[in-house]
Number of protein chains: 2
Amino acid sequence: MSELSRIVGMSAPSVSERVRRLEAIGVIRGFTLDVDTRPLGYQVRAMVRIRPLPGKLHLVEKLIQERPEFIECDKITGDDPFLVRLVVHSIEEMDDVLEALSEHAVTSTAVIKGTSVKRRLPPL
Amino acid sequence: MSELSRIVGMSAPSVSERVRRLEAIGVIRGFTLDVDTRPLGYQVRAMVRIRPLPGKLHLVEKLIQERPEFIECDKITGDDPFLVRLVVHSIEEMDDVLEALSEHAVTSTAVIKGTSVKRRLPPL
DNA sequence: TCTGAAAATTCCAGGCT
DNA sequence: AGCCTGGAATTTTCAGA
C-alpha cells in the first residue's frame, strides 16, 4: 500500500481505502502467488479437451474437480464440453491421470511446448 | 507474513526469510491480484485455437502478443500451434479481434460458458 | 531459527473540501 | 463521496546468538 501510494501520489490511507472498496465490490477477488511448479517436479503441462460419454457429464466434471493435477477447467461450447489445464511430473503420470477418465470420456491432449503470453490483464 | 507465522507456528522473521528464499530460487515468481474482469465490462471469454497459414507462424505469434484482449497464449502440440484465452466486451468485439487475424491464420473458437475449476495449485 | 529493539507501515479517528 | 493529517497499534526489518 505504501509503495502504491508513492506511485499514484496519494496518501496511504486513501489508497488502502480504494483497494478495500475494490475488494468489497468484487473487482479484486483476492491476492495470490504466482508459483512456478517446475522446480516442484511438475515438468509436463498439457491442455486437454474432454468429451464425456453420453450421460456421464456430471460424473466427469466431478472427477476433474477431484483430481488435483487438473489445475483449471473451463466449460466451453463445441464438441468437447471441458477444456482443462493439466500438470504432471512425467508423461507416464499424464497417461495415468487420463486413463482414470477413459471409461467415462474421450480426451484430446495437447502438450504445452511453451508460453507466448503469460496470464495478463486486458486494458482497463 | 505475521499471519503466516501464526498459522505455521514460526517467528515472523523466519517465515519472512523462507518466503524470500522461495522468491530467490524462483518457486515464487511474484505476488499478484486475482481480478474479476466482468465488472470492468469484459463480459465474454473464449478459448481460441489458432493455426497460422504457412510461413506466418512468427507473424501470428507477434500479433497475438500485441493484442491485449489475448490474455494468455500457450504453444501446444497438435494441428493448432497456439491456444489463447480471449476476453472481450461483446461477441461483436470478439469478431473484430479474430477478424484481424483472418488473413494470416485459421481460428477455432469456443466460448467459455462457465468454470468448473478455478486456477489452483497441484499438490505440493 | 530465535529474540529483542529499531524502523516502517498500517490502522483509526477526526476534519477538510 | 473521497481525501488528508496525526497519533496509536501492528508489522517488518535488522542485528546478534
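Order of the sequence lines sets the chain letters (A, B, ...), proteins ahead of strands, with each chain counted from 1.
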- [ ] Verify side-chain contact (heavy atoms from CB on, under 4.5 Å) between Val88(A) and Val97(A), making sure each step is shown before the conclusion.
- [x] CA-CA 9 Å; Val88(A) 286; Val97(A) 173; 4.2 Å; yes
- [ ] Quickly work out the Arg20(A) CZ to dT10(C) P distance and round it to whole Å.
- [x] 16 Å
Task: Short N-O contact, Lys56(B) and Glu61(B), less than 4.0 angstrom - done: no
Open item on the list: Between C1' on dT10(C) and CD on Glu3(B), what's the gap in Å once rounded to a whole number?
Closed with: 14 Å
TODO: Take the protein atom CE of Met10(B) and the nucleotide atom C1' of dT3(C), then report the distance between them rounded to whole Å.
DONE: 14 Å
Task: dC3(D) phosphate, OP1 or OP2, under 4.0 Å from Arg21(A) side-chain N/O - done: yes
TODO: Tell me what Ser2(B) touches on the nucleic acid: a base, only sugar-phosphate, or nothing, going by heavy atoms under 4.0 Å.
DONE: sugar-phosphate
Open item on the list: Could you tell me how far apart Leu22(A) (CG) and dG2(D) (P) are, to the nearest whole angstrom?
Closed with: 11 Å
- [ ] Using only side-chain N and O atoms of Ser16(B), determine if any of them is under 4.0 Å from OP1 or OP2 of dT12(D).
- [x] no
Open item on the list: Rounded to whole Å, how long is the line connecting atom CE of Met1(A) with atom C1' of dA8(C)?
Closed with: 16 Å
TODO: Considering just the side-chain nitrogens and oxygens of Arg6(A), establish if one lies under 4.0 Å of OP1 or OP2 belonging to dA8(C).
DONE: no
Task: Stem segments of DNA chain C by first residue number [Watson-Crick or G-U, under 3.5 Å, at least 3] - done: C:1-16 with D:2-17
TODO: Please check the phosphate of dT1(C) (OP1 and OP2 only) for any side-chain N or O of Ser11(B) closer than 4.0 Å.
DONE: no
